[in-house]
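The next block holds one structure in the form of structure tokens; read it before the comments.
Atoms considered below: every heavy atom in the structure, side chains included; atoms not considered: hydrogens, waters and symmetry mates. Just so we're on the same page: letters track the sequence lines, and every chain starts at 1.
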Amino acid sequence: MAEQDLYNKIMELAKRRGFFWPSYEIYGGVAGFYDFGPYGVLLKKRIIEKWRKYIVENHSNYVVEIETPIIGPSKVYEASGHVASFTDPIVTCTKCGRKFRADHLIEDKLDIDAEGLSPEEMTKLIKEHNIRCPVCGGVLGEVKLFNLLFPTQIGPYEGNKGYLRPELAQGMFVAFKRVLEVMRGKLPLGIAQIGRVGRNEISPRQAMMRLREFTIMEMEYFIDPEDPDGSCPFYSKVEDEVLRIRTYEMKVRNEPPKEFTVKEAVESGVIIHKCLAYWMVVAKKFLNSLGVPDENMFFDEKGPHERAHYSSQTFDQMVKVSRWGWIEVAGHSYRGDYDLSRHMEYSGVDLTVFKPYEKPIKVKVKKAFIDKAYVGRRFKSEAKKILMEAAKIPEEKLIEAAERGTGITIAGYEIPAEAIKVVEREVKVTGRKFIPHVVEPSFGTDRIVYVAFEYSYREKAGRTILSLPRDVAPVQAGVVPLVEKEEALREKAIELYNLLVDNGFYVIYDDTGSIGRRYARMDEIGVPAVFTIDYQTLEDGTVTMRDRDTWKQVRLPFNEAPNALRRFLYDGVDIHELGTPVTVEGDGEG
RNA sequence: GCGGCGGUCGUCUAGCCUGGACUAGGACGCCGGCCUGCCAAGCCGGAGGUCCCGGGUUCAAAUCCCGGCCGCCGCACCA
């Protein structure tokens, strides 16, 4: 299969040229961990930089970035639900050794809700109902818990349990109060973070697609649930953009993804919130900018049972790769107020947001009182007891008893309706308190690095070219003297190298081997432009600039190189706009 | 975790079935020299290997057997 070869070619190139490779190689390797090498680090760094531009900097009035620890105390992950929900009850077949989700087996066979049962209870159910291995029919063993959190210990005391974070989100939720304060209490507020997470996957595979430790780029976008319009000030800019979406219903009916304009998707309820739709558009454009065309990308809605415990709607952003078909590169979830509510509950700290009204409003509020004079006259010494009991009764009940004329029984004494006084009072309210809702776009950086690699891999004239988008190419330019051993050319080349470095570029200089070999090396690591110093440079001070993708060259003055490179890398300018074309032997077709 | 297939210089690979002249061969890459006025050119020289790891069988193991690790594929798992 020619398509399968692409994966092999990429892994081979990545290893050979130093982009990435399996970690701990000299000790035989450990599944689920990958090293990034010199060019891989640069590539990943530039992809992260681009994400930061798309998500944070382009929305700097609303979105900020923070950094929080990789290790968290147990309490945080109890609150988030990970200690409970990130744990799978697993049962092993004693005959064939296959492992199954115990709760799923029980739910399927007995048609009951097995969630929240203890391992002992599940083992008992399996024994009682003689549930067998669904594959080989063998007897099942004890139900054991497997937790995907990496446990650790904070400090020297064993009781002080901690976990490696399985996602970045909790860092933002826990720091929410402080960040909101710093941002002067205003919503919408996006809190972004880029960092490493750990998940103790049972069986990681597929190279960098499923790792035990990886880098996530994530944002929690906090909004007022009652103000969808105000929450998404950028929405109108993207209304006419098109997203390819497969809703859960479409998936069930086995239909392919369909194009929706953002407006259609939001108005028809396909996407439940404008903000979710907006960030999906940004995410789509981000992947476009890394070389993924629209037709190789879509948003896949997760069904109710496929979603995480916190989510009310989730779309997986899927990208097509050669070997595995569609893989998830980002998730877009509506997390509601789940996380902040839980942290309020577990920490006891108020995480609500106060939003003042433009003008304080007057609200008519009904108040109900027991007529103390009546109670005192009527019940004498029992009055005190009755009134204390009455204070515990919810106000609505008293109002109801009075308005329906039924009266109420308190501490065994009948209080007639006439003894309950209801008054309407005007109260001034200056704003409201609420728990913000959260829209979360979350990206798997390492997968995206792989995707960028795959979409830029080209072969031309028997050579490999890594046609990375110019602005994420790890090395931005090369400088070479035309021939190896000519001192005058080398001096001039070093001078150009220094000029480019001083202008902030990442440049490599290479004077070994034939000129063709050096161009080939640069193409293979994706250097977008190579400047060549030739004999004409010594005569008229011009250099040539070569485009990695077309192999076309232009000639331009030495001192204009930095500016030309800037326009070439960041403005996407065609090489022909940067100088006068050069025709050389072997140009183009090599 | 289960089943199948695989693991040999930096990379790709020959050898393994049928154990011994394998001191593990080749290609590409890398390094040095000559040459070279624009696309992996040529010539000469060189460095580079725990044959994945451990154990066993044998006079003798890259080769056969067992266990482990790692990779790929299928199953399961992937809040």
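The residue A:L482 sits close to a base: some heavy atom pair falls under 4.0 Å. Here A:T544 lies in heavy-atom contact (under 4.0 Å) with a base. Heavy atoms of A:W21 sit nowhere under 4.0 angstrom from any nucleic acid atom. Counting any heavy atom pair closer than 4.0 Å across all strands shown, A:I26 reaches a base atom. At a threshold of 4.0 angstrom between heavy atoms, the contacts of A:E25 with the nucleic acid are absent. Among the heavy atoms of the strands lying under 4.0 Å from A:P166 is at least one base atom, whether or not backbone atoms are also near.
With both pairing distances under 3.5 Å, B:rC12 is matched to B:rG26 as a Watson-Crick or G-U wobble pair. Across all strands shown, B:rG3 forms a Watson-Crick or G-U wobble pair, both distances under 3.5 Å, with B:rC73. B:rU36 makes up no base pair with any nucleotide shown, lacking Watson-Crick or G-U wobble contacts both under 3.5 Å. B:rG45 and B:rC31 make up a base pair, with Watson-Crick or G-U wobble contacts both under 3.5 Å. Across all strands shown, the partner of B:rC64 is B:rG56, judged by Watson-Crick or G-U wobble contacts whose two distances both fall under 3.5 Å. Across all strands shown, B:rG19 forms no Watson-Crick or G-U wobble pair with both key distances under 3.5 Å.
Nucleotide B:rC78 holds its P atom 16 Å from the CD atom of A:E167, rounded to whole Å. One atom, NZ of A:K552, and another, P of B:rC39, lie 14 Å apart when rounded to the nearest Å. B:rC75 atom P lies 11 Å from atom CD of A:Q206, rounded to whole Å.
Between the side chain of A:N8 and the base of B:rC72, no donor-acceptor pair of N or O atoms lies under 3.5 Å. Residue side chain A:R199 does not reach the base of B:rC78 through any donor-acceptor N/O pair under 3.5 Å, judged by distance alone. Side-chain N/O atoms of A:Y519 and base N/O atoms of B:rC38 include a donor-acceptor pair closer than 3.5 Å. Between the side chain of A:S514 and the base of B:rC39, no donor-acceptor pair of N or O atoms lies under 3.5 Å.
The side chain of A:W324 lies closest to B:rC73 when the candidates are B:rC73, B:rC39, B:rC70. In the set B:rC70, B:rA40, B:rC38, B:rA40 carries the atom at the smallest distance from any side-chain atom of A:R463. Distances were taken from every side-chain heavy atom of A:Y7 (C-beta onward) to each of B:rC38, B:rC72, B:rC12; the shortest belongs to B:rC72. Checking B:rC39, B:rC2, B:rC70 against every side-chain atom of A:W551, the shortest atom distance belongs to B:rC39.
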Quiz item: In B/S/- notation, 5' to 3', how is nucleotides 28-35 of chain B contacted by protein heavy atoms closer than 4.0 Å?
Solution: -SS--S-B

Self-check item: Verdict with reasoning, A:H332 to A:Q317, per side chain to side chain donor-acceptor pair (under 3.5 Å)
Solution: CA-CA 7 Å; A:H332 300 268; A:Q317 187 172 0; 3.0 Å; yes

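Under the ring-ring contact (aromatic ring centres under 6.0 Å, His included) criterion, A:F19 pairs with A:Y39, A:F453, not counting sequence neighbours. Take A:V292 and apply the side-chain contact (heavy atoms from CB on, under 4.5 Å) test, not counting sequence neighbours, and it matches A:L287, A:N296, A:M297, A:V319, A:V451, A:Y455. Partners of A:E459 under the salt bridge (charged side-chain N to carboxylate O under 4.0 Å, His left out) rule, at least two apart in sequence or in another chain, are A:K9. With sequence neighbours excluded, the residues satisfying side-chain contact (heavy atoms from CB on, under 4.5 Å) with A:Y346 are A:K75, A:E78, A:A79, A:R342. With sequence neighbours left out, the ring-ring contact (aromatic ring centres under 6.0 Å, His included) criterion links A:F176 to A:F222.
Contact between A:A169 and A:E218 at its shortest, heavy atoms only, is N-OE2, 2.7 Å. Residues A:R548 and A:L468 approach most closely at NH2-O, 2.6 Å, considering heavy atoms. The minimum heavy-atom distance between A:V143 and A:M122, with the atom names listed, is CG2-CB, 3.9 Å.
Nucleotides B:rG29 and B:rC9 are separated by 11 Å at their C1' atoms, to the nearest Å. Taking atom C1' in both B:rC31 and B:rA47, one finds a spacing of 7 Å when rounded to whole Å. The same atom, C1', is picked in B:rC51 and in B:rU13; the two are 13 Å apart, to the nearest Å. Across the C1' atoms, B:rG54 and B:rC59 are found 23 Å apart, a figure rounded to whole Å.
Annotation: of the two residues near RNA chain B, A:K15 and A:R447, the 5′-most nearest-nucleotide partner is A:K15.
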